[in-house]
Amino acid sequence: MFDYEYIILGIILYFGSFVYYLKVSHGLGHKAEYLQLRRFLPCAVLAVLPAYLAGLPLTSPIFITSFITGLLWIVTYPLFYYMTFRKISSDFGFHLDIVFGLYAISWLTSLKILAINFNLATSFILPIIATVEFIIFLIPLIQWIYYYLYHSCVSEDALIMMQETDYNEVIEFFKQFSIVFNIIIFASLALLYSGFIAANLYPASVQLSFAEAGIVSATALFLTYYLWKNGANTKKQGVFVRTGIIELFLDVKTYIKTTTLYRSNMQERIKDLSVCPDKPSFEKPSTIILVIGESESRDYMSAFTDYPQETTPWLSANKNNKNFILFPNSYSCEPNTVRCLERALTEFNQYNDKQFYTSCSIIDIARKAGYVTHWYSNQGHLGSVDTPVTLVANTADTAKWTKQNLNKVQYDGTLLEYLQEVDPTKNNFIVFHLMGNHFNFINRYPQDFAKFSQPGKYDLIPNYLDSIRYTDYVLKSIWEYSKEHLNLQSLLYFSDHATIPDKRRAPNFDGFGTVRIPMFAYFSDEYIQKYPETYKTLRNNEKQYFTNDLAYDLMCGIFNITSNHYDETNSLASPLYKYTRETLKTNLGKFDISSDNN
């Protein structure tokens, strides 16, 4: 009967973790659900296996402290993120927090059992294990305190503030409280720490057989590697650094570091930047807009192909309009958002030897050309895959992200509200960064917008088609409002990369279907009359081949400027455009566009 306690606890941990994961997640696809259903099983087994092999009672303080520590990791960040963002975020899930929590129980218990079995319990080994356990315990505890104080999940701003705070500011922070309060806080932490030490030094009898000691040792070694390993590639890193709170902390740390580098180079970048003319020459204050899509493939867009369903009704209706130019031979330079956009937004591209941090951006150019710059994004503000993009965004006069504004639902249509903040009496350059058609596709559009799929039904290609149709609606809405209220002169749209919706995305180049992107431009009648040569050149070049790392130069051409940081031979808007199907490349120069025979 005694052994059944471990089985029952393992079952509770397994099903409890899975059900909890489903409850505090949003927008999970069936594949994600099935994956975690399988993944949590070995985690739950390992959580109780060392205690079972050692015959360690589940009521033992040695096991209880490990169990509480792991349980806090399972519960804390997923719960507080859900409570903070459930009404505005369409998809999220933190399975690795649960994995870490379950494995932490096993790892900590294994180390303690080995220390006791080999008579190291009374030496410095067990107190060191207890100290490590207490530090791991503190991370979710601090989150509970933060939520109690601010009624929010730990935020980017909070972590930025913590990482940028120096020792004097810490001292000043505690000085604002009474001496009694500070004594209580530090005494409570000291008491809690002492409790961990005492619990782990509690007398326990463990005597493992040779086989049992081998299994527990192998478990401890495996989990030491699996939880804490470090690697340059995110997927090769340990579970700990990929949990929600730690990933956010490291993203903020990287962001601060790269921000410093980008800012320190900014003055060097723009000190010799010359742009002529230095203000727009339209009769009235005007607006130029750049919209960056996400994961949209022209292969599924009826405006670009003979696709059997009408997925782009607005763009299709305007494809023969003289004010619109579609570019059906456009490609992404790389099927990865950041590696693509750090080139598309700056002078840095596949074909030159420049670097991102030393290159002028389209924001730099627009400001020098006399525009007030705006960046509105429905993508994350921080992230290891987004930092270079947010660095460029933060140089704009106004930069806002829906996820930072807790009253913003995260469909791309929410970005339309930001247009109402733009001053129509000024010349404006606006960048919209859409979530677009990023997986999970069903979460990219309101379900009452479903046409090709059944509302609420997970079905990859129909969901993808509906997300494309919704992007078409968002683009139409941006265009209509800006024409009516902001004297829109030009709008350029392209996607960062494409995707193959019914194929699992691979970390490496997975065929030209992942880089065939849509691109189109709109020009007002006034623009066409004022810059007939630019318009004529773009019209003549509409069938030319293009990679979106040249978008910076294309925008310079649309601005109709000359600059010492603008290479006209890179711009579709210039008669000097030098690239052809035979000379263009993708996947950062590794594949020739001419190899795409589809």
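Note that the structure is a prediction, hence the values are computed from the model and not measured.
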Inset, instruction - State plainly whether the residues E533 and K536 are in salt-bridge range, i.e. N to O under 4.0 Å. - result: no

Legend entry - Y82 ring center within less than 6.0 Å of F80 ring center: no

Inset, instruction - On the 0 to 90° scale, with breaks at 30° and 60°, tag the F324-W314 ring pair as parallel, tilted or perpendicular. - result: perpendicular

Inset, instruction - Examine R269 relative to Y262 and say whether NZ or CZ is less than 6.0 Å from the centre of the six-membered ring and inside a 45° cone about the ring axis. - result: yes

Legend entry - K400/E421 salt bridge by N-O under 4.0 Å criterion: yes

Inset, instruction - Using the six-membered ring wherever Trp is involved, compare the ring planes of Y531 and F282 and label them parallel, tilted or perpendicular (cut-offs 30° and 60°). - result: perpendicular

Legend entry - Pairs touching residues 551-563 that satisfy salt bridge (Lys or Arg N to Asp or Glu O under 4.0 Å), sequence neighbours left out: none

Inset, instruction - For the residue pair Y527 and T534, establish whether any side-chain heavy-atom pair is separated by less than 4.5 Å. - result: yes

Inset, instruction - Any chance you could measure L248, atom CG, to Y77, atom OH, to the nearest 0.5 Å? - result: 5.0 Å

Inset, instruction - Say whether E296 and H497, considering side chains only, have a donor N or O and an acceptor N or O under 3.5 Å apart. - result: no

Legend entry - Electrostatic pair K271:E268 at N-O distance under 4.0 angstrom: yes

Inset, instruction - Please examine the side chains of Y566 and F559, heavy atoms only from C-beta on, and report whether any two atoms are closer than 4.5 Å. - result: no

Legend entry - Presence of salt bridge, K322 and D525, under 4.0 angstrom: yes

Inset, instruction - Kindly indicate whether a cation-pi arrangement holds for R298 with Y331, taking the cut-offs as under 6.0 Å to the six-membered ring centre and within 45° of the axis. - result: yes

Legend entry - Q410 and S89: side chain donor to acceptor below 3.5 Å: yes

Inset, instruction - With sequence neighbours excluded, tell me which residues meet ring-ring contact (aromatic ring centres under 6.0 Å, His included) with H565. - result: none

Inset, instruction - Report the residue from R339, K585, Q350, R343 that forms a side chain to side chain donor-acceptor pair (under 3.5 Å) with D549. - result: Q350

Legend entry - Carboxylate-amine/guanidinium contact R444 D466, below 4.0 Å: no

Inset, instruction - State, with a plain yes or no, whether a side-chain heavy atom of F356 is found less than 4.5 Å away from one of L391. - result: yes

Inset, instruction - Verify the distance criterion only: is there a donor paired with an acceptor across the side chains of D364 and Y552 at less than 3.5 Å? - result: no

Legend entry - Q309 to S302 - nearest heavy-atom pair and separation: O-CB, 3.5 Å

Legend entry - Sub-4.5 Å side-chain heavy-atom contact between F327 and F494: no

Inset, instruction - Could you verify whether a donor N or O on one side chain and an acceptor N or O on the other, from Y579 and T547, lie under 3.5 Å apart? - result: no

Legend entry - salt bridge (charged side-chain N to carboxylate O under 4.0 Å, His left out) evaluation trace for E542 with R539: CA-CA 5 Å; E542 63 182 321; R539 180 63 73 185; 3.4 Å; yes

Legend entry - Partner of Y473 under ring-ring contact (aromatic ring centres under 6.0 Å, His included), chosen from Y445, W479, F449: F449

Legend entry - N437-T471 side chain donor-acceptor pair, cut-off 3.5 Å: yes

